[in-house]
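What follows is a single structure, written as structure tokens, with notes after it.
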Amino acid sequence: TPDTNYHVTDVYIDGSPIGATNSYTFFNVTNGGHAVWASFALDEFALTVNSAFGAPTPGVGLSSNIWNTLINASVSTPVPDGATTQYVCTGWAGSGAVPVSGTSNSVSFNLTNNSSLTWNWSTQVVLNAIAGANGSVVGSNGWYNYGATGVIVTAVPTGGYSFVNWTGDIASTNPVLNLTMT
């Protein structure tokens, strides 16, 4: 009989294979003994890891692990895509031994059954509003989630100058911009 970490792979009775079983009933028992041979293997479970970005540990794909193995899973974040876009891990979704969900870029669990781990990502774009000579920009430069609305930047002229226009990705003569980050 296997313990909780092993399973039966083969059983032979008097030299004849009977398959993988945990029990066998002898019929027509004679006065002679019987030779019983069984082989066991450690229980292994599959962990499937999915991630659209980055290089997670364990890696993307299917891996086989021994029962009750402690898995320390993580993924590096953010993942840059050029100078103006990056991908940020927002957590994970899991099944089996992996907790159902979380909001960090790491999770630990003991693998006790077939499981899956999917890393979730959001896309961010950068705002880089700068003023030329004789002015400044009020607002927060930095990374924003793609599609974020209500991002306000204001051009403030100094030294007696007046605002003329924005240039770059946005062309406007209004000194106050209410942006949607795309």
Side-chain angles (χ1 to χ4, degrees), residues 2-9 20 22 40-131 135-156 166-172 174-182:
D3 69 17
T4 57
N5 295 334
Y6 293 87
H7 65 276
V8 175
T9 59
N22 288 337
F40 302 91
L42 279 170
D43 286 336
E44 292 186 319
F45 293 105
L47 173 63
T48 303
V49 176
N50 301 295
S51 184
F53 305 102
T57 301
V60 170
L62 182 67
S63 64
S64 182
N65 297 276
I66 304 300
W67 178 84
N68 210 27
T69 299
L70 175 63
I71 305 291
N72 293 308
S74 64
V75 67
S76 296
T77 187
V79 176
D81 184 10
T84 61
T85 304
Q86 69 181 8
Y87 306 102
V88 176
C89 178
T90 59
W92 75 86
S95 69
V98 180
V100 173
S101 64
T103 58
S104 71
N105 66 322
S106 64
V107 59
S108 296
F109 54 92
N110 284 32
L111 193 63
T112 57
N113 54 14
N114 291 331
S115 303
S116 69
L117 170 63
T118 300
W119 294 106
N120 299 321
W121 297 87
S122 69
T123 302
Q124 292 185 335
V125 292
V126 71
L127 172 61
N128 188 20
I130 57 172
S136 63
V137 174
V138 176
S140 295
N141 285 334
W143 294 99
Y144 290 87
N145 286 334
Y146 184 88
T149 59
V151 177
I152 307 293
V153 291
T154 305
V156 180
W166 293 96
T167 60
D169 292 340
I170 304 278
S172 175
N174 187 341
V176 178
L177 296 177
N178 184 344
L179 303 174
T180 298
M181 298 303 298
T182 59

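Along the sequence shown, residues carry numbers from 1.
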Would you give me the side-chain donor-acceptor pairs under 3.5 Å for residues 70-84, sequence neighbours excluded?
| residue | atom | partner | partner atom | Å |
| --- | --- | --- | --- | --- |
| Asn72 | OD1 | Ser108 | OG | 2.6 |
| Thr77 | OG1 | Cys89 | N | 2.8 |
| Asp81 | OD2 | Tyr87 | OH | 2.8 |

Quiz: residues 50-57 side-chain donor-acceptor pairs under 3.5 angstrom, not counting sequence neighbours:
| residue | atom | partner | partner atom | Å |
| --- | --- | --- | --- | --- |
| Asn50 | ND2 | Thr118 | OG1 | 3.4 |
| Ser51 | OG | Phe53 | O | 2.6 |
| Ser51 | OG | Trp121 | NE1 | 3.1 |

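The minimum heavy-atom distance linking Val156 with Val138 is given by the pair CG2-CG2, 3.7 Å. Closest non-hydrogen pair, Met181 versus Val151, comes out as CG-CG2, 3.8 Å. Closest approach of Leu177 and Asn174 over heavy atoms only: CD2-O, 4.0 Å. Nearest heavy atom pair, residue Ala129 against residue Trp166, reads CB-CZ3, 4.2 Å.
Under the rule for a side-chain contact (heavy atoms from CB on, under 4.5 Å), Ser101 has no partner lying at least two apart in sequence or in another chain. When the side chain to side chain donor-acceptor pair (under 3.5 Å) test is applied to Asn113, the partners found at least two apart in sequence or on another chain are Ser115. Checked against side chain to side chain donor-acceptor pair (under 3.5 Å), Asn110 has the following partners two or more places apart in sequence or in another chain: Asn68. For Ser140, the side-chain contact (heavy atoms from CB on, under 4.5 Å) partners are Tyr144, not counting sequence neighbours. Contacts of Thr90 classified as side-chain contact (heavy atoms from CB on, under 4.5 Å), with partners at least two apart in sequence or in another chain: Asn120, Ser122. Among residues two or more places apart in sequence or in another chain, the side-chain contact (heavy atoms from CB on, under 4.5 Å) test is passed with Ala131 by Val137. With sequence neighbours excluded, the residues that form a side chain to side chain donor-acceptor pair (under 3.5 Å) with Gln86 are Gln124.
Distance CG/Leu179 to OG/Ser172: 9.5 Å, rounded to 0.5 Å. Atoms OG1 and CG, from Thr48 and Leu62 in turn, are 4.5 Å apart once rounded to the nearest 0.5 Å.
The shortest distance between side-chain heavy atoms of Val176 and Ile152 falls below 4.5 Å. Between Val98 and Leu47 the shortest side-chain heavy-atom distance falls below 4.5 Å.
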- Item | Residues Thr85, Thr123; criterion side chain to side chain contact (heavy atoms under 4.5 Å, CB included); working and verdict | CA-CA 7 Å; Thr85 304; Thr123 302; 3.8 Å; yes
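Counting only distance, with no hydrogens or angles, the side chain of Trp92 and the backbone of Ser104 share no donor-acceptor pair below 3.5 Å.
Residue pairs that meet the ring-ring contact (aromatic ring centres under 6.0 Å, His included) test with at least one member in residues 93-118, sequence neighbours left out, do not exist here.
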